[in-house]
Amino acid sequence: MKPRVRFAPSPTGYLHIGGARTALFNWLYARHTGGTFVLRIEDTDAARNSQEAVDVILDGLRWLGLDWDEGPLTGDATGPSKGDCGPYFQSQRKANYQRRVEALLSRDLAYEHEGAIKFRMSREITVMQDLIKGEVRRELTDREAVDPDFVIMRSDGQPVFHLVNVIDDLEMNITHVIRGEDHLINTTKHIALFNAFGVKPPQYAHIPLILNGDGSKMSKRDQGASLSSYTEGGFLPEAVINYISLLGWSPKENREKMSLAETIERFDLPQILKHNARFDYEKLLWLQGEYARETTSNRFYELAVHAFAKAGVDTNQFPLDFVKAALDTCKGKFRTFNELPAYAGFYFTDIIEIDAEAAKKDFVPENKPRLEKLRDAFNAAPVFDSASLESALKETAKTLGVKAGVLVHPCRLAVTGKTSGPSLYHLLQVLGKERVMARIEKAIQTIA
RNA sequence: GACCCUAUGGUCUAGCGGUUAGGACACCUCCCUUUCACGGAGGUAGCCCGGGUUCGAUUCCCGGUAGGGUCGCCA
C-alpha cells in the first residue's frame with residue numbers, strides 16, 4: 001500500500017517555519033514514495049479560527065510549492081475540496097466524532113465526567129516504535145498516576161484534539177504520521193485510542209524541532225519564525241525549502257545545495273536526525289544568494305520590480321530597457337530581493353544620497369581637479385559605453401599619475417552615493433551620459 | 001515535581017570499535033578585482049563529563065550534566 005501522509009495544521013493566523021518544515025517532510029515522503037499528501041485543517045477550536053487564518057496556511061504552502069493531493073481548495077471550511085476522505089476541515093466532521101464517541105461510551109471505554117467525556121486510559125507502561133526515535137518506553141507521570149484518563153469531548157460538546165486527530169487519521173487511512181517531536185508523548189494516548197477503535201495505529205515518525213540560534217524555543221515573534229518573514233522578506237521559495245530541508249535531515253555525501261528533484265530523490269525517514277536543530281539565518285542567506293544568482297531573467301526582473309515597488313519605487317516610470325539593464329548589473333550581487341532598493345536605488349532617482357563618511361574621504365580638495373579631468377574625459381568619450389569609459393578613466397589616471405582606484409572611488413560615490421555597488425563602468429553606461437555628467441558635476445561643486 | 005527525547009567546531013552536519021575526525025555556513029589571511037559579490041588558495045575552531053566493556057572508545061553500556069519536549073475541557 002502506498003503511504004498516505006498528512007499535514008494537519010491549526011489555523012492560528014501564521015505558519016510557523018517548523019510547521020512548514022513538517023509539511024515539507026511529509027510532502028517529500030509522499031513524493032519520494034509515490035504516496036499521497038493530505039492537507040487537513042484542524043479547526044476544532046472555533047474561537048480562534050477564521051478563513052483568513054486558513055488562507056495564510058494555504059498561501060504559505062503554495063508559495064513553497066508544496067501541493068497537496070487531497071484537501072481543501074480554498075480557505076472556506078464549507079468550500080470545495082479534492083479527495084475522497086473529506087471534509088478536510090475538522091469543523092465539518094462533527095458527526096463523525098459524535099458517532100465515534102458514542103461507540104466508545106457504549107463499550108464503556110469512555111465515560112461522562114462533569115459534563116465532559118473522558119477516555120479510560122491504560123495504566124500500563126506503553127512501548128511504542130517510532131520510525132525516528134526507535135523504541136520509546138513511557139511510564140506514567142505523577143499526574144497520570146493519579147488519573148490517567150483524559151478528556152476527549154468538552155462539556156460544551158466540542159471534541160478535543162487527541163480524539164479528532166486520531167479519528168481523522170483513522171478515517172483518512174493515514175499510514176505514516178510525520179510530526180514534530182512535541183507530539184511524541186501524546187502518541188501513547190493516540191495509540192490507545194486507535195486500539196479502542198479496533199484499528200491498527202499508523203507508523204509514527206517524530207521529527208526534531210527547530211530552535212532559535214541560541215537554543216531557545218522558537219516562538220511566533222522570533223526572527224524567521226513565521227513563513228511570512230520569507231514571503232515578504234524577498235526570499236526565493238527554493239532557497240527556503242533547501243535550507244529547512246537540511247534542518248534535522250541529512251542527504252549525506254556532503255551535499256548542501258540541492259534541487260527539489262534531488263531532495264525528493266534522496267529524502268527518506270531513516271536519515272532524519274534525532275536531535276533538535278538551531279536556525280542559522282546566515283546559512284539561509286547564503287543559499288538565498290546562491291539561488292538569487294541563478295534566477296532566470298524574467299523571474300529576476302519580476303521579483304526585482306516587486307521589491308522596488310514595495311520600497312515605494314515605481315520602476316515602471318522608466319523605460320523597460322533601462323530597468324532591465326540596470327537590474328542586470330545587480331544580479332548575483334545581493335542576497336534577498338529586499339536588499340535591492342538600497343543597493344540599486346540610485347538608478348531610479350535623481351536625488352541620490354551621498355554617504356557622508358565616504359564623502360569626507362573622497363570629496364577632498366585634491367580630488368576636485370581629478371574629477372574635473374575625469375568629467376572631461378568622459379565627455380570626450382567617442383561612445384558612452386563601459387569599454388570606452390573604462391579606457392577613458394584609466395587614461396586619465398595615467399595622465400594624472402595615479403592609480404585607477406583614486407578616480408574610481410570618488411566617481412562611484414558621485415554617481416551612486418555609495419562606496420559599493422554594481423560594476424562601475426557598467427553602471428555608468430546604464431545610467432547614461434546625461435545623468436553621469438550631471439552627478440559628477442554636482443559632486444565637483446560640493447568640493448570646496 | 002513527574003515523564004520523554006537528545007548530545008561531533010559558534011551553527012547545520014558526515015563518520016567510525018583503531019580516521020591526520022570530512023563537508024557547508026560564519027569568521028580570519030592571501031589571490032583575483034574599480035567597489036561589493038562571485039571565484040581560487042590557505043587558516044582558527046569539535047567528538048559534554050565520569051565510570052564500565054574492550055588490546056583499543058568520539059563510536060557500545062550505565063550514571064551525571066546540559067539542552068529540548070510533555071504533563072489543558074489548546075492544537
Side-chain angles (χ1 to χ4, degrees), chain A residues 8-12 19 42-45 47-49 90 113-118 125-126 128 130 132-134 136-146 150-162 164-165 180-189 206 208-211 213-217 243 246-257 271 273-287 289-290 292-293 330-335 343 358 390 393-394 397 403-409 411-413 416 418-428:
Chain A
S10 178
T12 56
E42 304 219 334
D43 58 344
T44 51
D45 188 359
R48 58 186 215 195
N49 289 318
Q90 291 184 331
H113 178 75
E114 291 182 11
I117 309 293
K118 293 183 80 171
I125 292 176
T126 310
M128 52 183 158
D130 188 90
I132 295 165
K133 304 292 185 185
V136 178
R137 297 174 60 85
R138 253 219 68 193
E139 294 181 28
L140 297 184
T141 65
D142 49 2
R143 292 190 192 189
E144 288 170 334
V146 174
F150 59 94
V151 171
I152 54 176
M153 191 170 271
R154 304 183 217 172
S155 48
D156 65 1
Q158 290 293 322
V160 167
F161 165 73
H162 300 300
V164 298
N165 191 265
E181 190 185 313
D182 48 337
H183 287 294
L184 185 59
I185 285 185
N186 289 334
T187 306
T188 56
K189 294 188 174 80
H206 287 92
L209 272 20
I210 299 177
L211 308 178
D214 65 3
S216 63
K217 181 178 181 177
Y243 178 67
L246 261 17
L247 256 23
W249 172 74
S250 171
K252 316 288 184 185
E253 296 172 35
N254 293 332
R255 297 304 314 278
E256 305 284 338
K257 183 161 171 283
Q271 305 136 24
L273 283 301
K274 292 181 174 182
H275 58 270
N276 295 342
R278 298 184 186 202
F279 194 86
D280 183 359
Y281 199 72
E282 283 300 322
K283 187 159 180 177
L284 201 215
L285 279 177
W286 165 68
L287 275 170
E290 295 292 307
R293 176 172 295 108
C330 304
K331 195 166 184 180
K333 309 200 66 160
F334 61 89
R335 299 188 289 191
Y343 186 81
E390 180 169 0
L393 184 142
K394 286 183 172 165
K403 287 203 273 191
V406 173
L407 295 178
V408 164
H409 296 293
C411 179
R412 172 183 295 282
L413 189 64
T416 72
K418 295 156 65 69
T419 56
S420 67
S423 160
L424 179 64
Y425 307 116
H426 291 93
L427 77 83
L428 292 174

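Using a 4.0 Å heavy-atom criterion, one finds that Lys394(A) contacts the sugar-phosphate atoms exclusively. Within 4.0 Å (heavy atoms only), Glu114(A) reaches at least one base atom of the nucleic acid. Nucleic acid contact for Leu273(A): sugar-phosphate only, since backbone atoms but no base atoms lie under 4.0 Å from a heavy atom of the residue. No contact: Tyr243(A) has no heavy atom under 4.0 Å from any strand. At the heavy-atom level, Ala116(A) lies under 4.0 Å from base atoms of the strands shown.
Spacing between atom CZ of Arg255(A) and atom P of G23(B) amounts to 16 Å, rounded to whole angstrom units. The nearest whole Å value for the distance from the CD1 atom in Ile152(A) to the P atom in C74(B) is 14 Å.
Taking the P atoms as reference points, U53(B) lies 15 Å from C62(B), given to the whole Å. For A26(B) and G39(B), the P atoms lie 10 Å apart once the distance is rounded to whole Å.
Between His162(A) and Phe150(A), the ring-plane angle classifies as perpendicular under the 30° and 60° cut-offs.
Both Glu144(A) and Pro422(A) lie close to RNA chain B; mapped to their nearest nucleotides by heavy-atom distance, the more 5′-ward contact belongs to Pro422(A).
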What are the atom names and distances for every N/O pair under 3.5 Å that joins the protein to nucleotides 25-27 of chain B?
| residue | atom | partner | partner atom | Å |
| --- | --- | --- | --- | --- |
| C25(B) | O2' | Lys283(A) | N | 3.3 |

